[in-house]
Amino acid sequence: MLKKRIIPCLDIANGKVVKGINFIDLVDVGDAVEVAKRYEQQCADEVVFLDITATYENRDTIYDLIKRAASELSIPLTVGGGIRAVDDFRKILSCGADKVAINSSAVANPNLIREVSEEFGRQCVNVAIDGKLLDGGYKVFVKGGRENAGLDLVEWAKKCEDLGAGEILLTSMDGDGTQNGYDIAMINAVCDRVNIPVIASGGCGSIDDIIDVFKNTNCDAALVASLFHYGMATVNDVKIQMERSGISCRILTV
Amino acid sequence: MIAVIDYNVGNVSSVLNMCRRLDVAAALTRDPDKIKKVNGIILPGVGSFHVAMRNLTEFGLIGVLNESKTKGAKIMGICLGMQILFEKGFEGGETAGLGYLKGNVDLIKTTDKLPHMGWNNISTGDVYFVHSYMAEYTDDCIEFAEYGGVKIPAIVQKDNVMGCQFHPEKSGKVGEEILSKWMASL
């Protein structure tokens with residue numbers, strides 16, 4: 001049986017973890033590789049690195065980081081942020097990432113989804129979509145949620161699937177950073193329309209929120225940031241609770 | 001020494017990384033002379049069946065793989081690398097495979113989501129899958145996973161040829177054990 005996935009997400013700028021990480025015994029809490037390894041030991045199913053480096057010129061640091069992470073992790077790694085072209089995609093995959101997430105660039109040029117899926121296979125194409133409720137309908141936002149792309153969220157998600165996306169990372173901009181729980185209605189709207197895996201993101205503030213999203217939607221994975229980074233729960237804590245709640249998941253084996 | 005076949009089908013670095021972690025000497029190569037000398041060959045691969053076979057043909061590797069297989073070298077195919085061990089594939093049009101194992105490779109017949117992506121269980125634990133096509137279920141299947149009402153061959157083995165549909169190099173300790181067992185058998 002396919003397991004529901006728990007995916008810690010690390011925001012990275014200039015090769016360092018941005019959000020505060022609360023591991024008392026970790027020497028360099030700014031080192032994304034050390035943090036990712038810690039999550040792997042806690043039974044994370046995958047890890048996402050989101051590169052939020054402001055300038056394009058500074059991006060070489062992320063390539064070094066991906067190489068190091070890929071050589072130390074034995075779980076899949078997804079990298080997103082600032083990917084504009086097929087060549088960026090190739091570069092990130094050749095550094096050892098398993099999947100690449102594209103967001104604004106896919107909205108600006110939907111054909112990019114087709115190009116990369118034909119070139120590298122759809123299994124490595126993750127389209128990240130930021131959604132927001134506006135005038136009674138879900139809309140797509142880009143540029144880190146600042147700009148309305150003028151697209152219907154559900155139809156865009158479907159189009160991404162048709163163009164060759166292998167997975168959708170769906171973030172609710174309304175929920176992001178609030179810790180008020182995942183946006184169940186938005187996730188259901190997308191899951192009902194597409195037939196590729198969907199990762200729920202935005203709003204997670206407790207283990208209960210994660211249980212809630214798996215119980216009430218057909219999503220395949222939950223993206224988690226603050227809950228883990230601030231040490232409020234470990235991945236393993238979540239897995240134990242998921243198992244108790246009858247949600248199929250991968251658990252630590254000794 | 002293990003030869004990891006370099007035929008432009010992705011994920012080679014993760015396989016090499018895993019070999020390094022297991023402390024096994026491995027070389028990424030498409031040089032027939034080097035491949036001839038080893039007793040362990042890994043065929044990695046993500047992407048599409050017809051591209052994989054086209055590249056193997058273009059790089060002139062099919063002859064040396066057949067030769068190695070006949071003289072008893074152990075061959076391990078991973079994901080797409082496992083699929084091309086079979087007779088025929090239907091991804092990107094009907095394409096002949098290496099034919100080391102009986103059966104064809106076709107789209108997973110399910111109404112559930114595709115790709116089949118994520119951790120699924122085989123007898124020894126959970127392993128990481130990501131694929132939309134699968135090999136036919138035959139007597140050579142020694143481990144399978146269930147998805148969308150379908151029995152998906154996860155490990156296939158016949159004589160010196162073995163294949164994993166999942167990614168052992170991305171499957172934590174469980175995957176590491178499968179690879180290290182195979183390497184110890186060389």
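Keep in mind it's a predicted model, so treat the numbers as computed, not measured.
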Self-check item: Distance, nearest 0.5 Å, that separates OG of A:S248 from CG of B:N121
Solution: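 So the gap between those two atoms works out to 7.5 Å.
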Self-check item: Spacing of OG belonging to B:S132 relative to CZ belonging to A:R122, to within rounding of 0.5 Å
Solution: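 That separation rounds to 6.5 Å.
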Quiz prompt | By salt bridge (Lys or Arg N to Asp or Glu O under 4.0 Å) - contacts of B:K88 (at least two apart) | solution =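 So B:K88 forms a salt bridge (Lys or Arg N to Asp or Glu O under 4.0 Å) with B:E94.
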Please find the pair of heavy atoms, one from [X] and one from [Y], that lie closest to each other, and give the distance.
| X | Y | value |
| --- | --- | --- |
| B:K170 | A:L73 | NZ-O, 4.4 Å |
| A:S71 | B:R20 | CB-NH1, 4.2 Å |
| A:S94 | B:S13 | O-OG, 4.3 Å |
| B:R21 | A:A70 | NH1-O, 3.9 Å |

Practice problem: Counting only heavy atoms closer than 4.5 Å, note whether A:K4 contacts chain B via side chain, backbone, both or neither. | Solution: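 Interface part for A:K4: neither.
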Self-check item: Heavy-atom contact with chain B under 4.5 Å, split by part of A:R250
Solution: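 Answer is both: backbone and side chain atoms of A:R250 are under 4.5 Å from chain B.
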Quiz item: Taking only heavy atoms into account, what residues of residues 159-170 of chain A are found under 4.5 Å from chain B?
Solution: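 Only A:G166, A:E167 of residues 159-170 of chain A have a heavy atom under 4.5 Å from chain B.
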Quiz item: Quick one: of A:S74, A:A221, A:C124, A:A97, who has the most non-hydrogen atom pairs under 4.5 Å with chain B?
Solution: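 Among A:S74, A:A221, A:C124, A:A97, the one with the most close pairs to chain B is A:S74.
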Quiz item: So which of A:E46, A:E40, A:K67 has the largest heavy-atom pair count under 4.5 angstrom toward chain B?
Solution: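 Among A:E46, A:E40, A:K67, the one with the most close pairs to chain B is A:E46.
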Taking the side chain as every heavy atom from C-beta outward, state whether [X] and [Y] have any atom pair closer than 4.5 Å.
| X | Y | answer |
| --- | --- | --- |
| B:W119 | A:I75 | yes |
| A:D220 | B:M117 | no |
| B:Y147 | A:M1 | no |
| B:P115 | A:P197 | yes |

Quiz item: Non-hydrogen atoms of chain A under 4.5 Å away: do they reach the side chain of B:S171, the backbone, both or neither?
Solution: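 Backbone only.
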Quiz prompt | Under 4.5 Å from any heavy atom of chain A - which part of B:H116 | solution =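 The answer is the side chain of B:H116.
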Exercise. With a 4.5 Å cut-off on heavy-atom pairs, point out which of B:D112, B:V174, B:V130, B:D126 contacts chain A the most.
Key: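 Looking at each option in turn, the highest pair count goes to B:D126.
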Quiz item: Pick from A:I196, A:N218, A:L2: which one makes a side chain to side chain contact (heavy atoms under 4.5 Å, CB included) with B:K113?
Solution: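 The residue from A:I196, A:N218, A:L2 that satisfies side chain to side chain contact (heavy atoms under 4.5 Å, CB included) with B:K113 turns out to be A:N218.
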